[in-house]
Amino acid sequence: MAATDELAFHEFQEATNLLAETPDAVTTSRSDQLTPQGHVAVAVGLGAEDEVEESDKAALLQEEKEQPGFWTFDYYQSYFDVDTSQVLDRIKGSLLPRPGNNFVRHHLRNRPDLYGPFWICATLAFVLAITGNLTLVLAQRRDPSIHYSPQFHKVSVAGITIYCYAWLVPLALWGFLRWRKGIRERMGPYTYLETVCVYGYSLFVFIPTVVLWLIPVPWLQWLFGALALALSASGLVFTLWPVVREDTRLVASVLLSAVVLLHALLAVGCKFYFFQPLPLEHIAPPSQVISLTSNTLLTSTSPRTMLT
C-alpha cells in the first residue's frame with residue numbers, strides 16, 4: 001500500500017512540474033477511467049500561436065526546397081507530363097481557330113507543354129523529306145526520262161528548318177513583346193514556353209497538307225497550301241491579338257503582318273524546295289546541240305553543191 005501511494009504522489013508531482021513549465025496547458029481528469037493505482041492523465045494543448053508558427057515553418061520549408069536547374073532533365077519533365085486527351089484538345093484548337101477563342105487561355109490554361117510541339121515538328125520534318133522524295137519517284141514513273149536518286153539530305157534540311165523556326169521565331173517574338181512591355185505597362189506578354197507551344201501546335205495543319213501535295217495537280221497543291229496557311233496564321237493572330245492590342249496601332253499591325261509573312265515564307269519555301277522536279281535527261285548538253293546543228297547544215301547544203 002505504501003508503494004502504491006508513493007507511486008501516485010510521484011506522478012502528481014510530475015504533472016505539477018509540467019503545468020509550471022507550460023502555463024497554457026489544459027488538464028483533464030478522467031475520473032471514469034481511473035485505474036486502480038489512481039493515475040492522473042495530463043493533456044498539454046498547443047495554443048493558436050504555436051499552430052501558426054508550425055504552419056509558417058512548413059511553408060518556409062516548402063519554399064526553400066531547391067528547384068532543379070534548367071540544364072537537368074527534372075526541369076523539363078513537367079513540360080512533358082501531358083496525356084493524350086490534352087494533346088488532342090490542343091491540336092483541335094489549332095485546327096479550328098475562332099475569333100475571341102484565345103489558344104493560350106482556353107487550351108493551354110497556364111500549363112504549356114513541349115511534348116506536342118516537339119513531336120509535331122519532328123513529324124513535319126520527316127513527312128516533308130519523305131513526300132519530297134516520293135514526288136520524284138512518282139514523276140519518274142510517269143516519265144522515265146527523269147533520273148531519281150534518294151535525297152537523304154532533305155531530312156536534315158527539313159529538321160533544321162522546322163526546329164529553328166519553331167524555337168527562334170518565338171524567341172524573337174517573346175523578346176520583342178517583353179521590350180514593349182517596358183514601354184507599354186498595360187501589356188502582359190505570354191511566357192516563352194507558351195509562345196513556343198502556340199507556334200508548335202500551329203504547324204500541325206501542314207502535316208496533312210504536305211501529304212496532299214503528292215497529288216500532281218499544281219493548282220490543287222497551291223489551294224491546299226493556301227488553306228493550311230490561312231488556318232495556321234489565323235490561329236497565331238487570334239492568340240497574339242489580346243497581347244498586342246494594348247500597343248499602338250502601327251506596332252500591332254506591323255507585328256502581326258511580320259508573323260503572317262514569316263509563316264507564309266516557311267510554307268512557300270518548303271513547297272519550292274521539297275517539291276521541285278528534276279531536270280529531264282533527254283535535254284542535250286550545249287556541245288551536242290552545236291554538233292547536231294552543224295551536221296544538219298552540212299547535210300542540207302550537200303545536195304545543192306552536187307547540183308551545181
Side-chain angles (χ1 to χ4, degrees), residues 84 87-98 103 107 114-170 196-238 259-283:
T84 306
V87 175
L88 291 178
D89 178 71
R90 295 172 181 183
I91 290 175
K92 181 180 177 181
S94 66
L95 292 175
L96 300 173
R98 298 189 304 273
F103 183 81
H107 297 281
L114 297 178
Y115 180 86
F118 176 82
W119 286 112
I120 288 174
C121 293
T123 305
L124 180 58
F126 278 102
V127 170
L128 270 174
I130 292 173
T131 52
N133 282 270
L134 284 177
T135 301
L136 299 177
V137 173
L138 296 176
Q140 185 183 24
R141 299 186 70 175
R142 293 191 302 269
D143 188 357
S145 62
I146 297 178
H147 175 70
Y148 165 74
S149 61
Q151 300 178 352
F152 297 105
H153 66 279
K154 287 187 176 181
V155 179
S156 302
V157 174
I160 293 173
T161 303
I162 298 301
Y163 275 103
C164 287
Y165 178 81
W167 287 85
L168 296 182
V169 173
V196 170
C197 197
V198 171
Y199 265 83
Y201 280 102
S202 68
L203 296 176
F204 179 83
V205 69
F206 289 106
I207 296 177
T209 303
V210 169
V211 177
L212 292 174
W213 278 349
L214 289 174
I215 301 175
V217 181
W219 68 268
L220 196 58
Q221 292 177 351
W222 286 109
L223 178 61
F224 289 145
L227 291 176
L229 178 61
L231 289 175
S232 184
S234 61
L236 293 176
V237 171
F238 294 155
V259 169
V260 175
L261 180 61
L262 289 175
H263 225 54
L265 287 177
L266 177 69
V268 174
C270 291
K271 175 67 174 63
F272 278 115
Y273 180 80
F274 293 98
F275 294 90
Q276 60 179 351
L278 287 178
L280 301 179
E281 274 190 345
H282 65 269
I283 298 178

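Taking every heavy atom of both residues into account, Leu128 and Cys270 meet most closely at CD1-SG, 3.8 Å. The two residues Arg90 and His107 have their closest heavy-atom pair at NE-O, 3.3 Å. Heavy-atom minimum distance, Gly200 versus Ile120: O-CG2, 3.4 Å. Here the closest non-hydrogen pair linking Tyr163 and Phe118 is OH-O, 3.0 Å. Residues Ile207 and Val127 come closest through the heavy atom pair O-CG1, 4.1 Å. For the residue pair Thr131 and Leu214, the shortest heavy atom distance occurs at O-CD2, 3.6 Å.
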Original post:
Which is it for Val237 and Val259 under the side-chain contact (heavy atoms from CB on, under 4.5 Å) test, yes or no, and what are the steps along the way?
Top reply: CA-CA 8 Å; Val237 171; Val259 169; 5.5 Å; no

**OP:** Verify side-chain contact (heavy atoms from CB on, under 4.5 Å) between Thr135 and Trp213, making sure each step is shown before the conclusion.
**Re:** CA-CA 9 Å; Thr135 301; Trp213 278 349; over 6 Å; no

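Contact annotation: the side chain of Leu266 never approaches that of Leu229 to less than 4.5 Å [non-hydrogen atoms, C-beta and beyond]. Counting heavy atoms from C-beta on, the side chains of Val87 and Trp119 never come closer than 4.5 Å. Under the 4.5 Å side-chain criterion, counting only non-hydrogen atoms from C-beta, Leu95 is not in contact with Leu231. Side-chain atoms of Val210 and Phe275, non-hydrogen and from C-beta on, do get closer than 4.5 Å to each other.
If you take CZ on Phe224 and CD1 on Ile215, they are separated by 5.0 Å, rounding to the nearest 0.5 Å. Here CG of Leu212 is found 10.0 Å from CG of Leu223. Values are rounded to the nearest 0.5 Å. From Phe206, atom CZ reaches atom CD1 of Ile162 across 8.5 Å, with rounding to the nearest 0.5 Å. Rounded to the nearest 0.5 Å, atoms CD1 (Ile130) and OG1 (Thr123) are 10.0 Å apart.
Ring geometry for Tyr199 against His263 counts as perpendicular: the plane angle is over 60°, on a 0 to 90° scale with 30° as the lower cut. Relative orientation of the Tyr201 and Phe103 rings is tilted, given thresholds of 30° and 60° on the angle between their planes.
A distance-only check finds a donor-acceptor pair linking the side chain of Asn133 to the backbone of Gln151 [under 3.5 Å]. In this structure a side-chain-to-backbone donor-acceptor pair under 3.5 Å is present from Ser232 to Ser202. Within the 3.5 Å criterion, the main-chain N or O of Ile91 finds a donor-acceptor partner in the side chain of Ser94.
The local environment of CZ in Phe126 is sparse, with at most 12 non-hydrogen atoms from other residues, nucleotides or ligands closer than 6.0 Å. Tyr115 OH: 12 or fewer foreign heavy atoms inside a 6.0 Å radius.
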